[in-house]
Amino acid sequence: MDKTFYITTPIYYPSARPHMGHAYSSIIADFFARFKNIDGHKVHFLTGTDEHGLKVQRAAEKNGQDTQKFCDQISKTFQDLSKTLNLSNTDFIRTTEERHKKSVQHLWNELEKNDDIYLSNYSGWYSVSDEAFYNEDEIDEIDGKKVAKSSRSSVEWIEEESYFFRLSKWEKPLLEYYKSNPDFIAPESRKNEVISFVKSGLKDLSISRKTFSWGIPVPNNEKHVIYVWLDALTNYLSALEYPDKDHELFKKFWPASIHLIGKDIIRFHAVYWPAFLLAAKIDLPKKIYGHGWILSGEEKMSKSKGNILDPLKIVEKYGLDPLRYYLIKEVSFGNDGNISQERLEDCINSDLANNYGNLCQRVVAFAIKNCKGKVPNEIKFQDEDFIILNKFKDNLENIRSKIDQQNINFYIDYIVNSLFEANKYFNDQEPWKKKDNLIRLNTIVYTTLEIVRKISFLLYPIIPESSLKALKIFNISENEINLSSIENNEYLLKDNNINKIDILFNKIEKNND
RNA sequence: GGCGGGGUAGCUCAGUUGGUUAGAGCGCAGGACUCAUAAGCCUGAGGUCAGUGGUUCGAUCCCACUUCCCGCUACCA
């Protein structure tokens, strides 16, 4: 049976324009998807938009637009973002699609059938201006008027008929599940938060609303729409043609390998979602990973410096691959990351241009001048060649296992170290002094070409476009990239032509101001 | 308030189940080379590992206190 891998991003809520947080989730997910793809897995990579809810309905009204058309428009900006980020997603789901509606309603029916849903009243202190409910302890009384402590806006007691999900019933099963599946929630800090939250007790969850209509109707009670989280989370199933559990997609890809999300929505994914699934007797996803936020430090948004948090502007100015590389390299995965334009430029110059780009150029230029522009034929490896070549083979299993632990930083550090070693190797071997020993010269060139090839394979999940550009040296195309071939020290066919390539990364002129 | 995480070189971060001179990258300074995008290679400067006290033969790592930062503490997504 083929190895499979199903990864999802959050579905994005179109109340705001795409920002760096969206880009980050997507890029990281794409990294994993591409890695698994070149490592022989059948990959399903899902992203999409979450289009229901009061805010969307209001935003559309405000624009005097038909709600669906409004959604079409905003969803398009996220579909465009996926293209801009060069995502390899195999599907893009929208919660306004029919396949999703069918799936959510079916899940609802399952929950109802299993007695996990009941009708009752939802009540609480509601602030119209904040659009939020408050608990008793979040309320103050000033001059006989109840107000929210945080915003000081006045609140009123509201009771509304609502369907509830028996979340409380799943408190113990969830805790047991976390215990027997210690890798279910990552990173560790998030797991601890979730567990302590569940341990503090779960109340039943309101899962329908009557106050607005932009949503999926509750089966058999059209006055209610299904509350947004039950709606939104189900997208992960809808994209696999749930409720058709015999469908090829569902059989192949469920349970999901990993739901990649931001830490802000960990609870919905690590508590509500597994509870829904347990109640519906559906297998739980293997992992929920809540990554950190992208922060822009002290840097104020200014016109001269540009806004680092706008991914589209960054891509426009520096290109996509530098952004992808930078986010993956410099953010300690799982933690919040501070990004700055200055560090991005440093990364481009030192890692991408000087280290990787220049290595490609120097070996190609050398081979064209000294090896007739062909992959050398007569070679004889020595110890120092084997040492550097075999490192890839020796580390392959470790790389795979680190990726399965989402240790992205190990992966990229490994690549950067390999680049240092490669440049050092070429330096130390001094092929330019070996013109009277062609076999040695050829061997050094062949070895270095092999290293460039292996590193370019490893870089493909991070900077796919640039990796492919580099692989044009050897006329290697995208579908030929496969991870296990980094074990092979003589992958490159001898006497094949070597192609001169354009500069991969232009250096950024830094001006001190 | 309660629970949890953290304060390590100019910057971004590793690390230590407590043990000789605390690490990487970037940045900075010097050197040798020249195949290459004036790139690469070598060498070096820079830290009382937040503060105070304690346990210990010995603490950056353990404990207590102090201080600063951050997260969670349910229905905004």
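The figures that follow rest on heavy atoms only: side chains count, while hydrogens, waters and symmetry mates do not. Please read these numbers as outputs of a predicted model, since none were measured by experiment. Chain A is the first sequence line, chain B the second, and so forth, proteins listed ahead of strands; every chain is numbered from 1.
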Among [options], find the nucleotide with the atom closest to the side chain of [X].
{"X": "A:Y13", "options": "B:A77, B:U37, B:G25", "answer": "B:A77"}
{"X": "A:R190", "options": "B:G71, B:C35, B:U37", "answer": "B:G71"}
{"X": "A:R362", "options": "B:G25, B:A74, B:C35", "answer": "B:C35"}
{"X": "A:K507", "options": "B:G25, B:U37, B:G40", "answer": "B:U37"}
{"X": "A:N358", "options": "B:U37, B:C41, B:A74", "answer": "B:U37"}
{"X": "A:F505", "options": "B:A14, B:A77, B:U37", "answer": "B:U37"}
{"X": "A:Y122", "options": "B:A36, B:A77, B:C75", "answer": "B:C75"}
{"X": "A:R343", "options": "B:A77, B:U37, B:C11", "answer": "B:C11"}
{"X": "A:W432", "options": "B:A74, B:U37, B:C33", "answer": "B:C33"}
{"X": "A:E193", "options": "B:A36, B:C72, B:C35", "answer": "B:C72"}

Taking syn as any angle within 90 degrees of 0 and anti as the rest, which one fits B:G31?
->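 You should classify B:G31 as anti.
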Distance below 4.0 Å between [X] side-chain N/O and [N] OP1 or OP2:
{"X": "A:S332", "N": "B:A14", "value": "yes"}
{"X": "A:K369", "N": "B:A36", "value": "yes"}
{"X": "A:Y227", "N": "B:A77", "value": "yes"}
{"X": "A:N409", "N": "B:U12", "value": "no"}

Would you tabulate the pairs of protein nitrogen or oxygen atoms and nucleotide nitrogen or oxygen atoms of nucleotides 42-47 of chain B closer than 3.5 angstrom?
none

Working to the nearest 0.5 Å, report the span between [atom1] of [X] and [atom2] of [Y].
{"X": "A:I261", "Y": "A:R190", "atom1": "CD1", "atom2": "CZ", "answer": "9.5 Å"}
{"X": "A:R209", "Y": "A:Y163", "atom1": "CZ", "atom2": "OH", "answer": "14.5 Å"}
{"X": "A:F212", "Y": "A:R58", "atom1": "CZ", "atom2": "CZ", "answer": "10.0 Å"}

So which one's nearest nucleotide on RNA chain B is more toward 5', A:D351 or A:G337?
->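 Nearer the 5' end of the strand: A:G337.
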Along RNA chain B (nearest heavy atom to each residue), the more 5'-positioned of A:S350 and A:D428 =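 Nearest-nucleotide comparison on RNA chain B picks A:S350.
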Answer yes or no: side-chain N or O of A:N354 and base N or O of B:A39 forming a donor-acceptor pair under 3.5 Å.
->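 No, the side chain and the base share no sub-3.5 Å donor-acceptor pair.
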Whole-Å C1' distance, B:G4 and B:A45 |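 Roughly 40 Å separates the two C1' atoms.
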Spacing of the C1' atoms in B:C62 and B:G19 (rounded, Å) |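 Here B:G19 and B:C62 have their C1' atoms 14 Å from each other.
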Contact class for [X] vs. all strands (heavy atom < 4.0 Å): base, sugar-phosphate, or nothing?
{"X": "A:I265", "result": "nothing"}
{"X": "A:G53", "result": "nothing"}
{"X": "A:I266", "result": "nothing"}
{"X": "A:F426", "result": "base"}
{"X": "A:D50", "result": "sugar-phosphate"}
{"X": "A:N423", "result": "sugar-phosphate"}
{"X": "A:A365", "result": "sugar-phosphate"}
{"X": "A:G292", "result": "nothing"}
{"X": "A:N370", "result": "nothing"}

Is the closest basic N to carboxylate O distance between [X] and [Y] below 4.0 Å?
{"X": "A:D116", "Y": "A:K169", "result": "yes"}
{"X": "A:D183", "Y": "A:K287", "result": "no"}
{"X": "A:R440", "Y": "A:D385", "result": "yes"}
{"X": "A:R94", "Y": "A:D72", "result": "yes"}
{"X": "A:K391", "Y": "A:E421", "result": "yes"}

For [N], give the paired nucleotide (Watson-Crick: N1-N3 plus N6-O4 or O6-N4; G-U: N1-O2 and O6-N3; both under 3.5 Å), or none.
{"N": "B:C33", "result": "none"}
{"N": "B:A22", "result": "none"}
{"N": "B:C62", "result": "B:G54"}
{"N": "B:A45", "result": "none"}
{"N": "B:G40", "result": "none"}
{"N": "B:G4", "result": "B:C70"}

Nearest atoms (heavy-atom pairs only) where A:E51 meets A:V56 |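 What the structure gives for the nearest pair is O-CG1, 3.5 Å.
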A:V194 side chain near A:V271 side chain, heavy-atom distance below 4.5 Å =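 SC-SC contact between A:V194 and A:V271 confirmed.
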Scan residues 371-380 of chain A against RNA chain B and write down, sorted by residue number, each residue with any heavy atom closer than 4.0 Å; if none is found, say none.
->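 Going residue by residue through residues 371-380 of chain A, none turns out to have a heavy atom under 4.0 Å of RNA chain B.
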Applying side chain to side chain contact (heavy atoms under 4.5 Å, CB included), name anything that partners A:S401, two or more places apart in sequence or on another chain.
->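 Partners of A:S401 under the side chain to side chain contact (heavy atoms under 4.5 Å, CB included) test: A:N398, A:Q405.
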Between A:H291 and A:Q406, does any side-chain donor sit less than 3.5 Å from a side-chain acceptor?
->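 No, no side-chain donor-acceptor pair sits under 3.5 Å.
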Can A:F366 be called stacked on B:C35 when the rule is centres closer than 5.5 Å and an angle between planes below 30°?
->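 No.
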